[in-house]
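The sequence lines fix the lettering, A, B, ..., with proteins before strands; numbering per chain opens at 1. Quick note: numbers below take in every heavy atom, side chains included, and nothing from hydrogens, waters or symmetry partners.
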Amino acid sequence: MARNYWLFKSEPSEFSIDDLKNRPNQTESWDGVRNYQARNFMRDDMKCGDLGLFYHSNCDEVGVAGVCEITQEAHPDHTAWEKGNKHFDEKSSPENPRWVMVAVTWKETFPRTVTLDEIKAHPKLQNMRVAQRGNRLSITPVTKAEFEIICKAARK
DNA sequence: GCCAACGTTGGC
DNA sequence: GCCAACGTTGGC
């Protein structure tokens, strides 16, 4: 089974690639996803060993800042039934969980961020969801080719 | 099941 | 801080 590739969006003021690196085991649960499309990607298609581009949104330097790896597959997101949690959803419960999360582990912080401008300008990255206007999906699939172009660009 | 209103996202 | 684009909600 071939490995899949993903893009994870995060606001670095909330959670950055460096925050991930500083976690115990350099691992964190990707909780709080409350969008069905993004959930379905996690639930149906994400496997251990898949790699993710860690994208910084809503910040000074918007773009891909590093790489993480899926180290735990989809399981119920318990923050959904914790009253008072920012991501609380009364329609979810331990008996009937509506939302899932995966665990991701830090792999690499790029020597420089590959900016959204570069992605938009690159002829082979035009199809990336993140390059398209109005895109709000926090987890999107990327192709192996896209993944590799970005990793290579980070080292230039 | 339609669709207007609303809240959120996220680039700028 | 602005605002376009989008997803969700709820009245009908």
Q: Please figure out whether A:Gly134 or A:Lys91 has its closest DNA chain C nucleotide nearer the 5' end.
A: A:Gly134

Q) Where does the chain A footprint on DNA chain B start and end, counting 5' to 3' with a 4.0 Å heavy-atom cut-off? A) B:dG7 to B:dC12

Q. For the rings on A:Phe88 and A:Trp81, is their centre-to-centre separation under 6.0 Å?
A. no

Q: List in chain and number order the residues that pass salt bridge (charged side-chain N to carboxylate O under 4.0 Å, His left out) with A:Glu108, two or more places apart in sequence or in another chain; answer none if no residue qualifies.
A: A:Arg155

Q | Close side-chain approach of A:Asp31 to A:Trp99, heavy-atom, < 4.5 Å | A | no

(Q) Among residues at least two apart in sequence or on other chains, which ones pass side chain to side chain donor-acceptor pair (under 3.5 Å) with A:Ser92? (A) none

Q. What about A:Phe54 and A:Trp30, are their ring centers closer than 6.0 Å?
A. yes

Q: Apply salt bridge (charged side-chain N to carboxylate O under 4.0 Å, His left out) to A:Lys86 and list each qualifying residue two or more places apart in sequence or on a separate chain.
A: A:Glu14

**Q.** Residue pairs fulfilling salt bridge (Lys or Arg N to Asp or Glu O under 4.0 Å) with at least one residue in residues 65-76 of chain A, sequence neighbours excluded
**A.** A:Glu69-A:Lys107

Q: Enumerate the residues from residues 30-44 of chain A whose closest heavy atom to DNA chain B is under 4.0 Å, giving them by residue number; use none for an empty result.
A: none

(Q) Taking CG in A:Asp60 as the centre, count heavy atoms belonging to other residues, nucleotides or ligands within less than 6.0 Å. Is the count above 12? (A) no

